[in-house]
A.B. asks: 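I'd like to ask some things about the structure below.
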Amino acid sequence: MSADVEFDVKDTDQREYAVLYLQPDLPIATLRLEPQADHVMRFGRVCTRKAYRGHGWGRQLLTAAEEWATQRGFTHGEIHGELTAQRFYELCGYRVTAGPYDEDGAPVVIMHKQLL
């Protein structure tokens, strides 16, 4: 997707993100933290650089973000993931609860996981 699709009104200076660096100047994975109601943390815009996919970096970052969320009282994780990434999220413990639906031209499913 183009960068103009990846950024939206939720991307502000107050938004929190998690970024995994392989070296001080080499970010390889990122995600956006979006607190929801009822102790749900939505992990959005989960992305790993193409050259670094398949090595566990995305899973490592998501796991760290889940731990960060549970330390702050969140009990459930939510992801709106493209169908092409569904298997990855399932391997991370997420289960499809709705969808698929179209988001910015891509089929997406809603997935949830109990964090505690």
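Values in this document were obtained by computation on a predicted structure and should not be read as measured data.
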A.B. asks: Looking only at non-hydrogen atoms, find the nearest pair between E34 and R32 and report the distance.
C.D. replies: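 Scanning both residues completely, I find the closest heavy atoms to be OE2-NE, 3.0 Å.
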A.B. asks: Minimum heavy-atom separation for P27 to R49, with atom names?
C.D. replies: O-NE, 2.5 Å
A.B. asks: Say you draw a straight line from SG of C92 to CD of Q60; how long is it, rounded to the nearest 0.5 Å?
C.D. replies: 11.5 Å
A.B. asks: Looking at H39, I'd like to know if its NE2 atom is crowded, meaning that more than 12 non-hydrogen atoms belonging to other residues, nucleotides or ligands lie closer than 6.0 Å.
C.D. replies: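 For H39, atom NE2 is not crowded (no more than 12 foreign heavy atoms under 6.0 Å).
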A.B. asks: How far does CZ of R87 sit from CG of L91, to the nearest 0.5 angstrom?
C.D. replies: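 One gets 4.0 Å once the value is rounded to the nearest 0.5 Å.
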A.B. asks: Heavy-atom count around D102 CG within 6.0 Å, excluding the residue itself: above 12?
C.D. replies: yes
A.B. asks: Examine the side chains of H80 and E78 and answer whether a donor and an acceptor come within less than 3.5 Å of each other.
C.D. replies: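 Checked: H80/E78 side chains pair up, N/O donor to acceptor below 3.5 Å.
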A.B. asks: Rounded at 0.5 Å granularity, tell me how far CG in D25 sits from CD in Q23.
C.D. replies: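 Here the rounded value is 6.0 Å.
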A.B. asks: Using a side-chain heavy atom cutoff under 4.5 Å and only I, L, V, M, F, W and Y, what cluster partners does L115 have?
C.D. replies: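 L20, L22, L26, I28, L31, L33, M41, F43, V46, Y52, W57, L61, L62, W68, F74, I79, L83, F88, Y89, Y94, V96, V109, M111, which link up through side-chain heavy atoms under 4.5 Å apart, make up the rest of the cluster.
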A.B. asks: Does I110 offer a backbone N or O that forms a donor-acceptor pair with the side chain of T97 under 3.5 Å?
C.D. replies: yes
A.B. asks: Is P35 close to E16 at the side-chain level, that is, under 4.5 Å between some pair of heavy atoms?
C.D. replies: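 No; the side chains remain at least 4.5 Å from each other.
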A.B. asks: Ignoring hydrogens and geometry beyond distance, is a side-chain donor-acceptor pair present between Q71 and E67 at under 3.5 Å?
C.D. replies: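 Short answer, no.
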A.B. asks: If you round to the nearest 0.5 Å, how far is NZ of K113 from CZ of R95?
C.D. replies: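 Those atoms lie 9.5 Å apart.
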A.B. asks: I need the L116 CG to Q114 CD distance, nearest 0.5 Å.
C.D. replies: 7.5 Å
A.B. asks: Under 3.5 Å, is there a donor on one side chain and an acceptor on the other for Y101 and E103?
C.D. replies: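 Y101 vs E103: donor-acceptor pair found between side chains.
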